[in-house]
Amino acid sequence: MRPISTLLLVLAALMLWACEQTSVMPRSSGRPYEVVVVGDEGPVGMALEADAEVLPQSEPCFDVKTTGGHEPDARMRLARSIVIVTIDPTRRQTTISYEKDVYAKPQMVVSIYAPSSRQLTADMPRWAPSLRQLLTRHEMNAAIAALRSKPNPRATKTVEETIGVDMSIPADMQACKRGRGFVWLSNNSLQGMQSICLYHYPMGADFAAMRDSIMRRNIPGETDSMYMQTVVASLKQEPMNEKGTKGTIVRGLWEMKGDAMGGPFVAHVVADSSRQLTIVAEAFVYAPEGSKRNKVRQAEAALYTMTLAGKKQEQKER
């Protein structure tokens with residue numbers, strides 16, 4: 001009897017495991033950078049709809065859908081990003097917390113509790129940057145996961161051979177131009193061209209000056225008098241610390257001198273002390289007839305996958 005009992009237990013365990021494997025969480029729906037706000041009192045939606053940084057025209061940080069009640073309904077629960085606002089007089093202060101993959105996957109659910117509408121209005125200017133950053137990084141992580149699920153091995157190899165870094169490149173970026181210490185990859189889409197450039201220059205040199213020099217040499221216009229240049233007045237910088245790799249994120253606008261072309265760009269600037277070089281991974285967009293926010297952010301996700309050769313070796317040794 002004992003062998004039969006053991007076999008039954010094993011079969012039961014396997015059936016339970018199979019059930020757990022098939023009852024997977026549903027996939028989240030909705031467009032990137034779309035947020036469902038439940039029980040919105042006004043200030044939260046306004047904070048999310050603030051202008052996105054460094055774009056040639058006004059575009060909101062997020063596309064906001066609002067609904068009443070205290071919890072998302074069955075349809076709203078599948079949204080990729082949900083913010084639930086609760087006014088609770090028993091609370092002493094405004095608090096924000098978040099959970100991942102509550103109703104679907106990938107998903108971010110943020111809970112905001114405030115003692116009153118008035119207090120929420122007073123506190124949102126302080127909380128808004130953190131809230132936007134949290135939801136933006138959630139979308140970036142989703143884009144990075146999608147990027148790694150559909151690799152572009154040929155482009156990755158080109159980047160490693162030319163620049164000496166490891167980086168995941170979107171599969172649709174099939175067009176490639178190589179120069180000395182320079183790679184330009186693009187999807188050449190008529191609906192909005194997305195490009196990634198990688199290049200390097202000596203440590204300590206000025207970013208804007210080196211960018212203009214490198215782009216003029218490698219991305220010329222139709223004539224010698226046409227070339228890409230940086231709109232210096234548009235530049236904004238913020239520190240970056242991505243998995244131990246420290247650097248600077250630079251956002252700005254570019255334009256083609258002598259031509260009516262331009263758009264936004266974002267660059268990750270990292271020092272490679274072993275080679276005494278500054279490494280730049282940059283995403284830029286040209287979409288004259290459409291919105292640019294999602295396009296530049298989608299391309300920007302690839303920049304977060306860049307790993308210096310030394311850092312990659314350290315990670316392997318660990």
S.K.: Do W254 and F265 have their ring centres less than 6.0 Å from each other?
M.R.: no
S.K.: Where is the tightest heavy-atom contact between V54 and G252, given as atom of each residue plus distance?
M.R.: CG1-CA, 3.2 Å
S.K.: Does K257 offer a backbone N or O that forms a donor-acceptor pair with the side chain of Q229 under 3.5 Å?
M.R.: no
S.K.: Using modelled atom types only, decide if a donor and an acceptor are shared between the side chain of T305 and the backbone of S168 within a distance under 3.5 Å.
M.R.: yes
S.K.: Donor-acceptor check, side chain of T162 to backbone of V183, threshold 3.5 angstrom: yes or no?
M.R.: no
S.K.: Quick check against the 3.5 Å criterion: does N187 have a side-chain atom that pairs as donor or acceptor with the backbone of D172?
M.R.: no
S.K.: Could you check whether R217 makes a cation-pi contact with Y199, meaning its NZ or CZ is under 6.0 Å from the centre of the six-membered ring and within 45° of the ring axis?
M.R.: no
S.K.: Flag yes if L134 and V38 sit in one hydrophobic cluster, no otherwise; membership is Ile, Leu, Val, Met, Phe, Trp, Tyr, and two members link when side-chain heavy atoms are under 4.5 Å apart.
M.R.: no
S.K.: Which pair of non-hydrogen atoms, one from G290 and one from Q57, has the smallest distance, and what is that distance?
M.R.: O-NE2, 4.0 Å
S.K.: Judged by atom type as modelled, is there a donor-acceptor pair below 3.5 Å linking the side chain of T158 to the main-chain atoms of R154?
M.R.: yes
S.K.: Only one of E34, Q107, E139 forms a side chain to side chain donor-acceptor pair (under 3.5 Å) with R80, so which one is it?
M.R.: E139
S.K.: Any side-chain donor-acceptor pair under 3.5 Å between D51 and S58?
M.R.: yes
S.K.: I need the single residue from K100, R27, M25 that forms a side chain to side chain contact (heavy atoms under 4.5 Å, CB included) with P106. Which is it?
M.R.: R27
S.K.: I need the minimum non-hydrogen distance between W127 and T94, along with the two atoms involved.
M.R.: CZ2-O, 3.8 Å
S.K.: According to salt bridge (charged side-chain N to carboxylate O under 4.0 Å, His left out), does anything in residues 295-304 pair up with another residue at least two apart or in another chain? List the pairs.
M.R.: R251-E300
